[in-house]
K.L.:
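My questions will all concern the structure given below.
Note: hydrogens, waters and symmetry copies are ignored here, and every other heavy atom, side chains too, is used. The chains referred to below are lettered A, B, ... by the order of the sequence lines, with proteins before strands, and numbering in each begins at 1. Worth saying up front: this structure is predicted, and the values here are computed from it rather than measured.
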2 protein chains.
Amino acid sequence: MGRTRHDRFDCSPGCAVEATLSLIDGKWKGVVLYHLMSGTLRFNEIRRKLPNVTQRMLTNQLRELEADGLITRTVFAQVPPRVDYDLSERGRTLEPVILALKVWGDANMPATENAAA
Amino acid sequence: MGRTRHDRFDCSPGCAVEATLSLIDGKWKGVVLYHLMSGTLRFNEIRRKLPNVTQRMLTNQLRELEADGLITRTVFAQVPPRVDYDLSERGRTLEPVILALKVWGDANMPATENAAA
DNA sequence: CAGCATCCCATTAGATACTG
DNA sequence: CAGTATCTAATGGGATGCTG
């Protein structure tokens, strides 16, 4: 499966911006990373936090995040199966970035949440 | 034209993350914003900085950024035409976010740029 | 529970040609 | 110079059904 979008980094110094974006775009990666910042989550726990994601998409996004080394996937040989997802070390270094995105969104998105009262 | 991706914000608090991402993803928006942080640019100046973008895509991305209130578009009634693009005030508030993306990319993307020496 | 496989539609993005 | 228009290829993403 392709690296979502942003495949070609043919921009001069702004390159790094797109390079980072390429890891966290993809419709659900950002939120997944955000939720994992709070700790380990199992597949269906993540799913429950993202009401409109399909298993297929979630699986894809998780696999890509894993392939990019941002999360770890731990499979327990049990029945029923259990799979834990965590931020990897590399993923943890992204925390400031994710937070920056969240802070800005909270502060500057009028539609996201009524900041009234 | 559709809001690139990330249309449905149906995640609990992580919403804001996706909301912000929705404004800066779109394959070129991040870099465009980044380059505009250095000052006013005309259409072809931006194009030159993004060797692989097509006019169509660039126009789209610029229009979306404008619609989202992140950049301003100033048309000069001249022949030949001249159009200036600048970050808007709202766009300027995104600077820390864009910088966070760039800083992380520079530091953590092995392929992006050899950080040697 | 945590997936994988398949089918199919919608959107994105590239190429190319034309215009005020 | 700074676009617009059209046509098409590629990808993304939803729905559904099956499995260890």
K.L.:
Could you check how far CZ of B/Arg48 sits from C1' of D/dA2, rounded to whole Å?
P.N.:
12 Å
K.L.:
Is the distance from OP1 or OP2 of C/dG3 to the nearest side-chain N or O of A/Tyr85 less than 4.0 Å?
P.N.:
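A/Tyr85 to C/dG3 OP1/OP2: side-chain N or O found under 4.0 Å.
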K.L.:
Between P on C/dA2 and CG on A/Leu58, what's the gap in Å once rounded to a whole number?
P.N.:
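So the two atoms are 10 Å apart, to the nearest Å.
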K.L.:
Do any N or O atoms from the side chain of B/Arg73 and from the backbone of B/Leu62 form a donor-acceptor pair under 3.5 angstrom?
P.N.:
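No; zero donor-acceptor contacts below 3.5 Å.
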K.L.:
Enter the distance from A/Ser88:OG to A/Ile71:CD1 here, rounded to the nearest 0.5 Å.
P.N.:
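Output value for this atom pair is 8.0 Å.
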K.L.:
For D/dA2, take OP1 and OP2 only and decide whether either is under 4.0 Å from a side-chain N or O of B/Arg42.
P.N.:
yes
K.L.:
Suppose we screen for salt bridge (Lys or Arg N to Asp or Glu O under 4.0 Å). Which residues come up paired with A/Arg82, at least two apart in sequence or across chains?
P.N.:
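Residues passing salt bridge (Lys or Arg N to Asp or Glu O under 4.0 Å) with A/Arg82: A/Asp84.
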K.L.:
Give the C-alpha distance, both sets of side-chain angles, the deciding distance and a yes or no for salt bridge (Lys or Arg N to Asp or Glu O under 4.0 Å) between B/Arg92 and B/Glu95.
P.N.:
CA-CA 5 Å; B/Arg92 294 223 164 267; B/Glu95 288 190 351; 2.5 Å; yes
K.L.:
Would you kindly give the CZ-to-P distance between A/Arg47 and D/dA15, to the nearest whole Å?
P.N.:
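Those two atoms, CZ and P, are 11 Å apart.
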K.L.:
For A/Thr59 and for A/Pro80, find the nucleotide of DNA chain C with the closest heavy atom, then tell me which residue's nucleotide is more 5'.
P.N.:
A/Pro80
K.L.:
Between atom NZ in B/Lys27 and atom P in C/dG14, what is the gap in whole Å?
P.N.:
4 Å
K.L.:
From the list C/dG14, D/dA2, C/dA2, which nucleotide is the closest neighbour of the side chain of B/Thr54?
P.N.:
C/dG14
K.L.:
Which residues pass the side-chain hydrogen bond (donor to acceptor under 3.5 Å, both in side chains) test with B/Thr40, sequence neighbours left out?
P.N.:
B/Asp86
K.L.:
Separation of A/Arg73 atom CZ from C/dG3 atom P, in whole Å?
P.N.:
5 Å
K.L.:
Can you give me the bend angle of the helix from C/dC1-D/dG20 to C/dG20-D/dC1? Use the axis through the first five pairs and the one through the last five, nearest 10 degrees.
P.N.:
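End-to-end axis angle: 60°.
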K.L.:
Can you say whether a donor on the side chain of A/Arg56 sits under 3.5 Å from an acceptor on the base of D/dG13, or the other way round?
P.N.:
yes
K.L.:
So how far is it from B/Thr20 OG1 to A/Ile24 CD1, rounded to the nearest 0.5 Å?
P.N.:
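B/Thr20 OG1 to A/Ile24 CD1: 10.0 Å, rounded to 0.5 Å.
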K.L.:
How close or far is atom P of D/dA2 from atom CZ of B/Arg63, stated in whole angstroms?
P.N.:
12 Å
K.L.:
Tell me: NZ of A/Lys29 to C1' of D/dG13, nearest whole Å?
P.N.:
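To the nearest whole Å, that distance equals 14 Å.
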